[in-house]
Chemist: 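Here's a structure for you.
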Amino acid sequence: MQTFTMVLQEIWTSLFMWFFYALIPCLLTDEVAILPAPQNLSVLSTNMKHLLMWSPVTMPGETVYYSVEYQGEYESLYTSHIWIPSSWCSLTEGPECDVTDDITATVPYNLRVRATLGSQTSAWSILKHPFNRNSTILTPPGMEITKDGFHLVIELEDLGPQFEFLVAYWRREPGAEEHVKMVRSGGIPVHLETMEPGAAYCVKAQTFVKAIGRYSAFSQTECVEVQGEAIPLVLALFAFVGFMLILVVVPLFVWKMGRLLQYSCCPVVVLPDTLKITNSPQKLISCRREEVDACATAVMSPEELLRAWIS
């Protein structure tokens with residue numbers, strides 16, 4: 001009887017322990033759920049804009065937040081592998097992060113991200129291969145070619161302060177020389193060349209980033225044509241005749257006006273024939289108009305004056 005009782009106790013103890021060890025993990029799993037880490041990390045980098053992306057962590061009915069950290073070459077080698085929180089991605093909702101402002105040097109960067117839900121945080125997921133900004137994809141710039149009269153003008157897409165542009169332009173004709181102009185910034189109209197009437201000019205451009213020492217491919221060539229604006233033959237003939245008339249009429253008009261002014265301001269006084277002294281060698285005195293009444297009309301010789309005084 002005692003042996004049977006001992007066997008029952010052992011069986012009961014075994015069942016209890018089995019139930020305890022089977023039930024406790026289930027209770028713990030329900031109470032403290034394990035939050036999965038983000039997966040499939042990658043960087044999309046175009047024209048020096050760097051976007052870290054990952055597959056979202058899905059929790060039905062819940063909003064999952066993400067945090068991003070980075071580690072540059074300096075932090076990796078000289079500061080005990082510390083990680084620095086990203087400038088813009090601390091508890092962000094979307095499964096992406098713009099790390100452009102964090103990538104400030106042309107060196108390898110490690111990037112990592114983790115998910116947060118309430119008080120739970122996932123493990124960190126690390127980008128498989130370090131990212132270097134010199135691997136960014138450079139695209140040809142957008143450009144607008146316009147004519148301002150006979151001036152060829154280009155306006156390039158503004159891609160930021162790190163971008164410069166190499167612009168090539170030429171007259172569309174066999175054997176034409178290609179000219180190159182460096183444009184330091186986009187978004188501003190730039191004069192390229194003064195065009196000739198009736199000619200066509202072509203332009204293409206590429207971006208250059210000095211920080212990484214790379215050029216993009218050239219954009220597609222765009223051409224503009226200046227309509228011929230030659231003066232018609234009849235209009236040119238009239239212009240020539242008018243010019244010749246001006247050369248003849250203007251001097252004649254000036255001479256005529258000079259003569260009129262001379263006769264008006266300084267008229268020549270002429271005596272009647274009855275008052276003229278034909279034998280005298282003296283000449284009449286010319287006077288101004290306001291002095292005519294006060295002047296003698298003739299001058300006699302000294303002998304004639306003496307005979308007149310005696311008589």
Side-chain angles (χ1 to χ4, degrees), residues 20-142 157-163 185-187 207 209-212 214 216:
F20 177 80
Y21 285 115
L23 182 62
I24 290 301
C26 296
L27 294 174
L28 290 176
T29 303
D30 292 338
E31 183 176 351
V32 184
I34 298 175
L35 189 65
Q39 301 297 318
N40 303 320
L41 274 66
S42 63
V43 176
L44 177 63
S45 179
T46 304
N47 291 333
M48 300 297 285
K49 302 293 183 183
H50 319 304
L51 192 66
L52 175 66
M53 300 183 297
W54 56 88
S55 298
V57 175
T58 303
M59 300 296 290
E62 302 288 347
T63 301
V64 178
Y65 296 91
Y66 306 93
S67 298
V68 174
E69 294 182 349
Y70 66 92
Q71 184 184 80
E73 186 178 56
Y74 179 80
E75 292 79 17
S76 178
L77 297 178
Y78 304 107
T79 57
S80 302
H81 300 276
I82 66 169
W83 290 84
I84 303 173
S86 174
S87 305
W88 304 105
C89 301
S90 177
L91 298 179
T92 182
E93 290 188 31
E96 61 184 27
C97 175
D98 187 349
V99 294
T100 302
D101 292 342
D102 304 318
I103 310 298
T104 57
T106 309
V107 297
Y109 279 80
N110 295 314
L111 298 165
R112 68 181 187 179
V113 60
R114 71 178 179 183
T116 300
L117 178 61
S119 60
Q120 303 178 61
T121 56
S122 72
W124 288 100
S125 291
I126 301 177
L127 185 67
K128 184 178 296 185
H129 302 289
F131 170 73
N132 194 317
R133 68 180 185 180
N134 62 8
S135 63
T136 190
I137 299 172
L138 297 179
T139 62
E157 177 185 6
D158 187 4
L159 295 175
Q162 298 186 78
F163 283 78
S185 60
T207 58
V209 181
K210 188 175 181 180
I212 61 175
R214 285 181 52 206
S216 74

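Along the sequence shown, residues carry numbers from 1. The analysis underlying the following values was restricted to heavy atoms, covering all of them including side chains, and did not include hydrogens, waters or symmetry mates.
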Chemist: For D101 and S87, test the side chains for any donor-to-acceptor distance below 3.5 angstrom and give the result as yes or no.
Modeler: no
Chemist: Out of curiosity, L159 CG to S216 OG, how far, rounded to the nearest 0.5 Å?
Modeler: 9.0 Å
Chemist: Does the side chain of N110 reach to within under 4.5 Å of the side chain of L127, using non-hydrogen atoms?
Modeler: no
Chemist: What residue among V43, L41, I126 forms side chain to side chain contact (heavy atoms under 4.5 Å, CB included) with L111?
Modeler: V43
Chemist: Only one of T207, L138, V209 clears side chain to side chain contact (heavy atoms under 4.5 Å, CB included) with R214; which?
Modeler: L138
Chemist: What pair of heavy atoms forms the shortest contact from P36 to S122, and how long is it?
Modeler: O-CB, 3.3 Å
Chemist: Please report the shortest heavy-atom distance between F131 and S135, naming the atom on each side.
Modeler: CE1-OG, 3.6 Å
Chemist: Quick check: do M48 and I212 have side-chain heavy atoms less than 4.5 Å from each other?
Modeler: yes
Chemist: Give me the one residue out of L91, T92, V57, L117 that meets side chain to side chain contact (heavy atoms under 4.5 Å, CB included) with Y65.
Modeler: L91
Chemist: Could you go through the side-chain contact (heavy atoms from CB on, under 4.5 Å) check for L35 and M59 one step at a time?
Modeler: CA-CA 9 Å; L35 189 65; M59 300 296 290; 4.0 Å; yes
Chemist: For a side-chain hydrogen bond (donor to acceptor under 3.5 Å, both in side chains) check, start with the C-alpha distance between N47 and T139, then their side-chain angles and the critical distance, and finish with the verdict.
Modeler: CA-CA 7 Å; N47 291 333; T139 62; 2.8 Å; yes
Chemist: Rounded to the nearest 0.5 Å, how far apart are CG of L52 and CG of D102?
Modeler: 10.0 Å
Chemist: Could you tell me whether the side chain of Q71 and the main chain of H81 form a donor-acceptor pair under 3.5 Å?
Modeler: yes
Chemist: May I ask you to check whether over 12 heavy atoms, not counting those of W124, lie within 6.0 Å of atom CH2?
Modeler: yes
Chemist: Any side-chain heavy-atom pair from Y66 and V64 closer than 4.5 angstrom?
Modeler: yes
Chemist: Under a 4.5 Å cut-off applied to non-hydrogen side-chain atoms, are Q39 and S125 in contact?
Modeler: yes
Chemist: Residues in side-chain contact (heavy atoms from CB on, under 4.5 Å) with L77, at least two apart?
Modeler: E73
Chemist: When you look at T106 and R133, which way does the side-chain hydrogen bond (donor to acceptor under 3.5 Å, both in side chains) test go after all the steps?
Modeler: CA-CA 6 Å; T106 309; R133 68 180 185 180; 2.9 Å; yes
Chemist: If you look at every heavy atom in E69 and P85, which pair is closest and at what distance?
Modeler: CG-CA, 3.9 Å
Chemist: Who passes salt bridge (charged side-chain N to carboxylate O under 4.0 Å, His left out) against E157, sequence neighbours left out?
Modeler: none
Chemist: Say you draw a straight line from CD of E96 to OG of S42; how long is it, rounded to the nearest 0.5 Å?
Modeler: 10.5 Å
Chemist: Take H50 and S45, measure what side-chain hydrogen bond (donor to acceptor under 3.5 Å, both in side chains) needs, and give me the verdict at the end.
Modeler: CA-CA 4 Å; H50 319 304; S45 179; 2.7 Å; yes
Chemist: Are the side chains of Y70 and I84 in contact, using a 4.5 Å heavy-atom criterion?
Modeler: yes
Chemist: Do the side chains of P95 and W54 get nearer than 4.5 Å, heavy atoms only?
Modeler: yes
